[in-house]
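Here is how names work: the chains are called A, B, and so on, in the same order as the sequence lines, proteins then strands, and each is numbered from 1.
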Number of protein chains: 2
Amino acid sequence: MHLTPAMQAFILHWGEMGAKWGVNRSIAQIHALLHIAPEPLDAEDIAETLGLARSNVSTGLKELQGWKLVKASRALGDRRDTFMAIQDMFDLATAVVEGRREREFAPTIAALRAVAEEAKADATPETVKARMQETLETMQMFDDWYRDISRLPRGVQLMMLKLGAKLARFIPKG
Amino acid sequence: MHLTPAMQAFILHWGEMGAKWGVNRSIAQIHALLHIAPEPLDAEDIAETLGLARSNVSTGLKELQGWKLVKASRALGDRRDTFMAIQDMFDLATAVVEGRREREFAPTIAALRAVAEEAKADATPETVKARMQETLETMQMFDDWYRDISRLPRGVQLMMLKLGAKLARFIPKG
DNA sequence: CCGTCATTTCTGCATCTCCTGAAATATCTG
DNA sequence: CAGATATTTCAGGAGATGCAGAAATGACGG
């Protein structure tokens, strides 16, 4: 697939952003390419376009599918897969947040909960135990909030986003 | 400073979490230690406790101060700095989010805006330009939302968090 | 202005991550 | 089942990151 300079720049920036957030740069670039691509691409095409080894693209695509950011499909009577990124930006954001929550945030909360429990048994000072507990509770509060919100219908979520700070007006006092 | 097994475990998990989110593991550990420490620690103490080179602790502390997660202070008539992490968990979360927005999210939006502009001039296909535009607008929407919310008083923010999905009830229809 | 103590910068090395190309495996066709 | 095509796995190497220790810089007291 031919890339115009602007498309190259887009992919580059997307890759940078990924790198800063702990995502492999190449994988982020593959995602960027699929994100702007008007039609599904096959792995070979991606490898050529981005100048990556075919094998890498394979691994990257697998990972992106694991995050549910990319879907594979195969045209009838074709032998190779073609790949497409989630189209809707809101769905994309949801998938990313949900993925990170599930794989990184939730397990950390669970681990810290166990640690806080362990602290009760060993010689950990009271003040430290209290800090751990507070940490845990706040993280849990954020997690609960996210899970609450994520269950709402998309339309309501969008509304809340667009209302932004104005929402505060409708909050019951006290 | 002596670490009980639970404290060690806490620091380890905090470090792991940091690593997954693109933060240097040692730096995350330094932060974890300061986070649970009941009183301010000096750099020497941190280095010993975590088994890091003194120089690395220095760099790490500088970075943590840059993120406004840690404050340095010096007792009157003392020659060495002591360090303390933000105490309130909500303040911590705010500092992290604000830091990332400022350094990583906002610059990316700006870069993508420039790219979208560039795309108008070069041979980028219409569909691709549209995708870029949509991407930009959604990212901007999230950013606007965050900036809106971040300006509200802490009490209101807490209220919104605790209300969670129930907030949807107060959203005006339409 | 010199000595002490603390901090920071810098250099080289160890480790880890990531990528490539080759080999192995899987899938489909005739 | 043999051949063709696509995908995945894997071992090795290149490059990036992170760390320790040495050297340089800075701050303060006398």
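With A/T4 contributing its side chain and B/D122 its backbone, the two residues share no donor-acceptor pair below 3.5 Å.
In terms of position along DNA chain C, the nucleotide closest to B/Q65 lies nearer the 5' end than the nucleotide closest to the other residue of the pair A/D78 and B/Q65.
A straight line from CD1 of B/I46 to C1' of C/dA6 spans 14 Å, rounded to a whole angstrom. Between B/F83 atom CZ and C/dT8 atom C1' there is a gap of 11 Å when expressed in whole angstrom units. Following rounding to the nearest Å, B/L52 (CG) and C/dA14 (C1') show an atom-to-atom distance of 15 Å. B/N56 places its CG atom 15 Å from the P atom of C/dT15, with the value rounded to the nearest Å. Distance B/L64 CG to C/dT7 P: 15 Å, rounded to the nearest Å. What separates CG of B/N24 from C1' of C/dT17 is a distance of 14 Å, to the nearest Å. Straight-line distance from the CZ atom of A/R54 to the P atom of C/dA26: 16 Å, rounded to whole Å. Counting to the nearest Å, the C1' atom of C/dC18 and the CD atom of A/Q29 are 13 Å from each other.
Nucleic acid contact for A/R25: none, since no nucleic acid atom lies under 4.0 Å from a heavy atom of the residue. Within 4.0 Å (heavy atoms only), A/D42 reaches no atom of the nucleic acid at all. Contact annotation for B/G51: backbone-only contact, meaning every heavy-atom pair under 4.0 Å involves sugar-phosphate atoms and none involves a base. Looking at heavy-atom distances under 4.0 Å, A/R79 makes contact with a base.
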field: Stepwise side-chain contact (heavy atoms from CB on, under 4.5 Å) test for B/K71 and B/F83
entry: CA-CA 6 Å; B/K71 275 187 193 158; B/F83 300 88; over 6 Å; no
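Contact detail for B/I86 and B/D88: the closest heavy-atom pair is CG2-O, 3.4 Å. Residue A/D148 comes nearest to B/G164 through the heavy atom pair OD2-CA, 3.7 Å, listed as atom of the first residue, atom of the second, then distance.
An OP1 or OP2 oxygen of C/dT9 is reached within less than 4.0 angstrom by a side-chain nitrogen or oxygen of B/K62.
Counting only heavy atoms from C-beta outward, the side chains of A/T82 and A/S73 approach each other to under 4.5 Å.
Along DNA chain D, the stretch of nucleotides lying under 4.0 Å from any heavy atom of chain A spans, 5' to 3', D/dA4 to D/dT9.
Salt-bridge formation is not detected for the pair B/R101/B/E104: no Lys NZ or Arg NE/NH1/NH2 atom is positioned less than 4.0 Å from an Asp or Glu carboxylate oxygen.
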